[in-house]
Amino acid sequence: MPHKIGFVVVSSSGHEDGFSARELMIHAPTVSGWRSPRFCQFPQEIVLQMVERCRIRKLQLLAHQYMISSKIEFYISESLPEYFVPYQAERFRRLGYVSLCDNQKTGCKARELKSVYVDAVGQFLKLIFHQNHINKYNTYNQVALVAVNIIGDPADFGDESNITSREKLIDHYLGHNPEDPALEGTYAGRSDYISPLDDLAFDMYQDPEVAQIIRKLDERKREAVQRERYDHAKKLKQAIADLQKVGERLGRYEVEKRCAVEKEDYDLAKEKKQQMACYRAQVYEQLELHGLLHGELEMRRPLDLPLQPLDHFSSPHHRKPAPSLPQPEEVAPESQLAHPLLQEKPSSSPLAPPPRHTAVEQLLPAGGPPPRSNVDTLPYDEWPLPAPRKQQAEVFTEPDVGEADLGTVRRGGVAGEPEPLSEKALREASSAVDVLGETLVAGAYSKTWSCREDALLGLCRRLMEVPVGTPKEDVKSMLRASVFLVRRAMKDIVTSVFQASLKLLKMMITQYIPKHQLSKLETTHCVERTIPALLARTGDSSTRLRIMASNFIQEMALFKEVKPLQIIPSYLVQPLKVNCSAHLAMSQMDLLARLLRDLGTGSTGFTVDSVMKFAVSALEHRVYEVRETAVRIILDMYRQHQALTLEYLPPDDSSTRRNILYKTIFEGFAKIDGRPTDAEVKAQKKAATEEAEKQKKEEIKVLQGQLAALQETQAHVQEKDIDTVRPKNQDLQGRKAVPPEDPEIPDNHYLDNLCIFCGERSESFTEEGLDLHYWKHCLMLTRCDHCRQVVEISSLTEHLLTECDQKDGFGKCHRCSEAVRKEELPRHIKAKECNPAKSEKLANRCPLCHENFTPGEEAWKVHLMGPAGCTRNLRKTHILHKAQAALPGKGLAGTKSGSSGAKSGSKIPTPKGGLSKSSSRTHTKR
């Protein structure tokens with residue numbers, strides 16, 4: 001079976017002072033390992049010689065946290081060349097290489113353990129280190145190796161033919177296959193099984209002395225299995241499991257002591273040393289009480305620390321054995337098999353947990369032996385489990401317990417008390433048991449809800465009674481153990497138990513932590529360990545539990561101890577999962593909305609980016625209430641951050657408003673800004689159109705009356721002129737009558753040669769001449785740059801938004817009321833550089849110069865044609881003199897012609913409607 005292979009360092013290409021390659025020969029929590037010289041040349045080499053020629057099965061490397069080589073190559077050889085320098089490369093055979101992670105994901109705070117499975121025979125192993133990974137911590141471009149481990153078996157005994165014929169014969173007749181998957185992972189199942197005790201991780205986290213004890217106990221366990229002493233093997237297995245925890249704790253103490261020495265905090269180093277010595281003495285005493293090592297620790301035990309016997313144990317080693325009983329080495333009492341094999345004696349050390357005792361042991365006399373026959377008959381699953389003793393000097397005087405009493409104990413302990421912990425629960429809550437005691441933890445794990453509630457309330461009272469001068473390490477241990485129980489109780493379906501867990505959590509955050517002046521890290525631990533369970537309860541089927549959980553989360557987020565940490569907001573803005581329940585989604589949305597009103601977005605954990613991304617994604621949720629709450633959140637965000645909120649939404653156009661949610665959102669924006677909504681705008685437009693039509697009809701009626709009166713006047717003047725001219729013609733030309741020239745144009749041809757927009761009259765204004773005038777020269781018209789249609793300047797904005805072929809590419813600015821390209825609209829709105837528009841009743845708005853001027857139709861002519869008017873009308877410079885010559889005599893006549901011209905042919909445009917589609921196409925072709 002492969003095992004750990006010892007080695008020595010033969011040579012290395014160099015090392016930094018204090019970090020020799022010989023450090024690799026030691027495996028312990030405090031080793032520093034090997035480091036290359038500063039600014040060394042690559043590659044670097046290390047040659048290892050194994051204690052014997054062997055077949056290597058597995059290589060393990062523990063890399064440094066930031067001095068990391070990019071690649072490590074492996075070479076193997078049967079022997080070294082005669083001259084060490086330079087090495088003869090042909091003597092070494094290349095096995096391959098491994099690449100190491102650059103450790104950027106962990107911030108160079110973790111070490112990578114690399115395991116490589118090989119199959120090679122030799123005695124010398126060479127490691128070649130290539131260029132290091134670059135990071136800010138490795139200022140000298142070094143590479144390092146904390147530890148290396150070689151696992152294999154002797155080359156002469158590595159063949160499967162060396163398996164004993166007896167085992168092969170038994171397997172043959174029993175039909176067992178050595179490669180049976182059922183035997184996978186057991187030391188007897190496969191010949192290539194590697195023990196976890198030979199793994200590098202085991203030595204690097206274990207106290208070296210305890211690690212050796214564990215290995216000896218493992219050997220004895222295998223011997224017990226071979227001898228079929230399964231009770232003893234089980235006892236040793238439990239001892240190994242407990243010792244591993246002991247070794248890890250001692251290793252942690254050793255590292256803390258080393259750090260204290262480096263910081264020259266010798267008081268702390270002395271305290272750690274005493275803790276280690278006291279704790280080690282207690283563990284060794286327990287091992288001796290259970291007869292596990294048979295005096296092998298006598299030479300290791302420190303003489304200056306006398307061991308005090310534990311009076312609450314009734315071990316055969318501490319009483320005079322009867323002559324008829326066998327030796328403890330041969331038969332171990334079965335009643336003690338259920339005891340934890342490594343119990344810690346109460347001491348002044350703050351880290352020593354309370355001792356454990358079995359329920360049977362508490363009911364027995366202190367001096368008498370345990371009733372072995374009664375316990376022997378119990379199945380293993382019904383053996384009494386340990387329970388903590390509340391007082392160290394407590395003495396029990398109850399009489400012996402009979403069969404009926406033992407049966408009561410087997411079924412679950414004394415009436416009214418919680419049942420003992422199961423093995424699974426004991427393993428799961430081992431850390432909490434060590435700190436809080438098994439009785440309290442058993443109550444928290446009880447099947448009776450009242451016991452669970454009492455345990456939490458009792459823990460709450462116990463924490464409140466902890467004095468202020470208690471060592472910080474004890475205070476932290478109790479806090480973390482309590483958080484473990486609170487987190488479990490938060491999943492309880494009983495309302496009273498859930499309420500008790502909330503009460504306990506609130507007390508820990510608002511009273512316990514401030515009372516003992518613990519750091520924010522402990523508050524962070526409490527919140528981060530419990531908030532996921534609390535959020536899960538907000539999706540509970542019980543309405544009462546949902547409301548309780550939501551209200552407590554909101555209350556906890558406002559605690560003065562929790563609010564600066566900004567932890568809870570980060571959980572609330574996490575995207576909703578597709579398969580999450582409707583209750584959970586609604587509760588999370590409601591919590592977010594409430595906390596946003598309470599906290600806002602200024603240094604509270606909520607940012608505009610996170611909230612808006614979450615809310616926009618929630619608009620697509622399948623539950624209506626979730627979408628409705630998302631709309632409410634977006635409107636709340638718009639009240640605080642208008643410009644930033646618009647960046648996360650699609651443009652406000654007709655296609656977007658087809659979605660009822662976005663229509664509601666944009667209408668909400670309009671109400672917030674004080675602008676009319678679409679419905680209100682349509683109603684206003686409809687009312688304005690009706691009023692304009694009514695006014696137009698009245699004007700037409702008045703103008704028609706004026707036109708009739710004018711025609712009548714003109715007829716009388718014409719007759720008078722004819723009568724006056726006729727005698728003169730008769731005298732000059734005799735009887736021959738010459739008809740006079742008509743100075744006025746007949747009324748039925750009044751609109752000929754007249755532009756109904758600017759009022760200019762010209763002999764060149766034939767049908768084609770007017771089209772040319774509209775197309776190039778009329779000061780009241782302009783050509784659309786996007787569809788090439790001729791439109792009135794006064795209606796250019798409306799044309800771009802409603803009539804133009806590219807109307808979908810424009811949006812309306814709510815500030816200046818002009819049409820702006822949609823891709824430029826967000827920047828245009830954000831800049832706020834445009835001139836604000838006024839109401840139509842107060843002023844007209846020119847789309848060319850973007851200025852407001854006097855309202856009314858005549859004001860458009862003055863602005864667009866006058867010399868002091870629009871400065872952006874490009875046609876004005878060409879025909880301004882003509883317009884000035886035509887303006888004085890138009891007045892009423894121009895107005896009449898405009899209104900009458902609305903009824904003329906299809907080529908004549910209306911004053912307000914622009915040119916027709918047919919005429920615009922004709923001009924485009926021209």
Side-chain angles (χ1 to χ4, degrees), residues 456 483 486-506 509-510 524 526-559 561-563 565-601 604-637 640 648 661 664-665 668:
L456 293 175
V483 170
V486 166
R487 186 184 179 194
R488 187 178 189 277
M490 283 181 176
K491 303 175 184 178
D492 206 298
I493 61 175
V494 180
T495 305
S496 59
V497 179
F498 181 67
Q499 283 179 325
S501 67
L502 298 183
K503 179 181 178 182
L504 177 56
L505 178 60
K506 182 177 180 181
I509 295 176
T510 60
T524 303
C526 291
V527 177
E528 288 184 342
R529 297 293 292 174
T530 55
I531 191 63
L534 273 174
L535 286 174
R537 293 314 297 268
T538 60
D540 198 275
S541 58
S542 171
T543 306
R544 184 180 179 187
L545 286 177
R546 288 201 307 270
I547 295 175
M548 289 172 56
S550 298
N551 291 340
F552 184 81
I553 292 175
Q554 183 181 10
E555 181 184 2
M556 183 169 63
L558 299 177
F559 288 163
E561 296 83 7
V562 178
K563 184 178 178 180
L565 301 178
Q566 304 180 7
I567 297 175
I568 295 179
S570 63
Y571 280 91
L572 294 181
V573 294
Q574 291 180 359
L576 295 173
K577 296 181 180 178
V578 179
N579 56 349
C580 73
S581 66
H583 290 311
L584 182 60
M586 288 189 294
S587 298
Q588 184 173 344
M589 293 296 298
D590 184 63
L591 263 175
L592 177 59
R594 285 191 285 170
L595 282 179
L596 271 176
R597 288 194 295 269
D598 295 339
L599 300 176
T601 56
T604 60
F606 289 122
T607 62
V608 178
D609 180 71
S610 61
V611 174
M612 285 301 301
K613 285 182 179 179
F614 173 80
V616 172
S617 64
L619 291 175
E620 302 176 0
H621 200 271
R622 66 182 188 277
V623 181
Y624 169 74
E625 290 81 0
V626 174
R627 300 194 298 269
E628 190 177 31
T629 309
V631 172
R632 192 167 70 248
I633 291 174
I634 292 175
L635 294 178
D636 290 340
M637 293 298 296
Q640 303 176 30
Y648 296 90
L661 290 177
T664 305
I665 290 172

Between [Y] and [X], is there a side-chain heavy-atom distance shorter than 4.5 Å?
X: L572; Y: F614; value: no
X: Y571; Y: I553; value: no
X: L584; Y: K577; value: no
X: K506; Y: E555; value: yes
X: T601; Y: M637; value: yes
X: I531; Y: M556; value: yes
X: D590; Y: M586; value: no

Any pair counted as side-chain hydrogen bond (donor to acceptor under 3.5 Å, both in side chains), so long as it reaches residues 530-552, sequence neighbours left out
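Non-adjacent pairs meeting side-chain hydrogen bond (donor to acceptor under 3.5 Å, both in side chains): R537-D540, T543-R546, N551-R594.
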
Sequence neighbours left out, what pairs pass side-chain hydrogen bond (donor to acceptor under 3.5 Å, both in side chains) with at least one residue falling in residues 578-588?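 Non-adjacent pairs meeting side-chain hydrogen bond (donor to acceptor under 3.5 Å, both in side chains): zero.
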
Work out which heavy atom in [X] is nearest to a heavy atom in [Y]; give both atom names and the distance.
X: L619; Y: A630; value: CD2-CB, 3.8 Å
X: R632; Y: A593; value: NH2-CB, 4.2 Å
X: L505; Y: F552; value: CD2-CE2, 3.7 Å
X: S501; Y: M490; value: OG-CG, 3.8 Å

With rounding to the nearest 0.5 angstrom, report the [atom1] to [atom2] distance, [X] to [Y].
X: L591; Y: T629; atom1: CG; atom2: OG1; value: 11.0 Å
X: L592; Y: I568; atom1: CG; atom2: CD1; value: 12.5 Å
X: E620; Y: L576; atom1: CD; atom2: CG; value: 11.5 Å
X: Q554; Y: L595; atom1: CD; atom2: CG; value: 5.5 Å
X: L456; Y: L504; atom1: CG; atom2: CG; value: 6.0 Å

_Exactly one of D636, I633, V573, T604 should register a side chain to side chain contact (heavy atoms under 4.5 Å, CB included) with L596. Which one does?_
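Exactly one candidate clears the test, I633.
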
Taking S610 for its side chain and F606 for its backbone only, find out whether a donor-acceptor pair lies under 3.5 Å.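 It does not hold such a pair.
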
R627 (side chain) donor-acceptor with A618 (main chain) under 3.5 angstrom:
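Not confirmed, R627 side chain does not pair with A618 backbone.
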
Practice problem: Quick one: list whatever passes salt bridge (Lys or Arg N to Asp or Glu O under 4.0 Å) with K613, sequence neighbours left out. | Solution: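 Scan of K613 (salt bridge (Lys or Arg N to Asp or Glu O under 4.0 Å), adjacent residues dropped) gives D609.
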
Counting only heavy atoms not in I493 (residues, nucleotides, ligands), do more than 12 fall under 6.0 Å from its CD1?
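Atom CD1 in I493 is not packed in, count stays at 12 or less.
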
So V527 and I509, side-chain contact (heavy atoms from CB on, under 4.5 Å) or not? Walk me through it. CA-CA 9 Å; V527 177; I509 295 176; 4.3 Å; yes

